[in-house]
Each structure stands twice: as C-alpha cells, then as structure tokens.
Amino acid sequence: MFRNMSADNKIPTDGGQSLGNNPFGALSGAGLPVAPQSTSQPAAKKETPARNRGRVDIKRATAGRGGKTVTLVTGFVGIGLPEKESLAKKMRNACGCGGTVKDGEIEIQGDQREKIAQILTEAGFRPVFAGG
C-alpha cells in the first residue's frame, strides 16, 4: 500500500532556498520611464448629488390578497425590468421578506413603506406615500 521513500526523494517543507529568491532582484530600472512626481495633494472625493429619476408612489394594499398587506411601488418612468428586479431584490433583503415584480410594479410583503422609501431615495427616486 505505502511505499517507503528515501530521504533523497522527499520534498522539503521548510521553505528552502528556492523560495527566498526574488525573481525580479536581478533586473535593473535602466531604460524605464520615470513616474511623474505629484506635488499637489490628492483630490477629495466629490460627492455627486443624487440624480432625480422621477416620482414613484408607495402604496399599502390588501385588496385581493386574503387580507394580507403588501407594499406596492408604482410609477416608474424610464427604467426597465432588470433594474426593477434589482431594486426589488434590495428591498426584499433590507426588509427580510418576500416580494416580486408584477405588471411593472414592485410588490413587497408586509407594510414596509419606510424602509422602501429610504432605498428608493438612495437610488435617486423621489418616493411619495400615496393612499392609506
């Protein structure tokens, strides 16, 4: 089953000489361009204001759902289905509940209007609470 290995056939595990060598140590910097020296301080990050992507309505609804409350986000203009699905995923993760995109609207289970409004504001939308 096991073969006896002689001491000559063993691979050293202590790192050995070969691991201590720098492969780039013999190279010289002659002929390489010199990096420009910058005397100015690094520019501070400029915070761009959130772009206004339009008004969206946030509604609470129970009709046709057996008395279960859902939060509807409607009124998206100019965004496609993939972006709606990614927004819905962010909302589901933040609220810890289920949800879907149906007929161009985002449905999130439960009354989650405050959390959803915060997510939409961060995405550049102007959320408005509509209905009851």
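In this text, all values refer to a predicted model and were calculated from it rather than measured experimentally.
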Quick one: pull up [atom1] in [X] and [atom2] in [Y] and give me the separation to the nearest 0.5 Å.
X	Y	atom1	atom2	value
R60	T71	CZ	OG1	8.0 Å
L120	R126	CG	CZ	12.5 Å
Q112	I58	CD	CD1	11.5 Å
I106	I119	CD1	CD1	9.5 Å
F76	L81	CZ	CG	11.5 Å
R55	F125	CZ	CZ	14.0 Å

Heavy-atom closest contact (A117 atom, P127 atom, distance)
O-CG, 3.6 Å
Minimal non-hydrogen separation, K84 against G104, with atom names:
NZ-O, 3.3 Å
E83: what forms a salt bridge (Lys or Arg N to Asp or Glu O under 4.0 Å) with it, not counting sequence neighbours?
R53
E105 meets the salt bridge (Lys or Arg N to Asp or Glu O under 4.0 Å) criterion, sequence neighbours left out, with none
Side chain to side chain donor-acceptor pair (under 3.5 Å) partners for E107, two or more places apart
R65
Would you check if I108 and V73 make a side-chain contact, meaning some heavy-atom pair closer than 4.5 Å?
no
Starting from L87, can I reach V128 by hopping between I/L/V/M/F/W/Y residues whose side chains sit under 4.5 Å apart?
no
With the 4.5 Å side-chain cut-off for hydrophobic clustering, are I116 and V101 part of the same group?
yes
Taking side-chain contact (heavy atoms from CB on, under 4.5 Å) as the definition, give me every residue that meets it alongside T62, ordered by chain and number, with sequence neighbours left out.
T69
Tell me, please, which residues at least two apart from K59 pass side-chain contact (heavy atoms from CB on, under 4.5 Å).
D57, L72, T74, A130
Which pairs with one or both residues in residues 86-95 pass salt bridge (Lys or Arg N to Asp or Glu O under 4.0 Å), sequence neighbours excluded?
none
Donor-acceptor check, side chain of K68 to backbone of Q109, threshold 3.5 angstrom: yes or no?
no
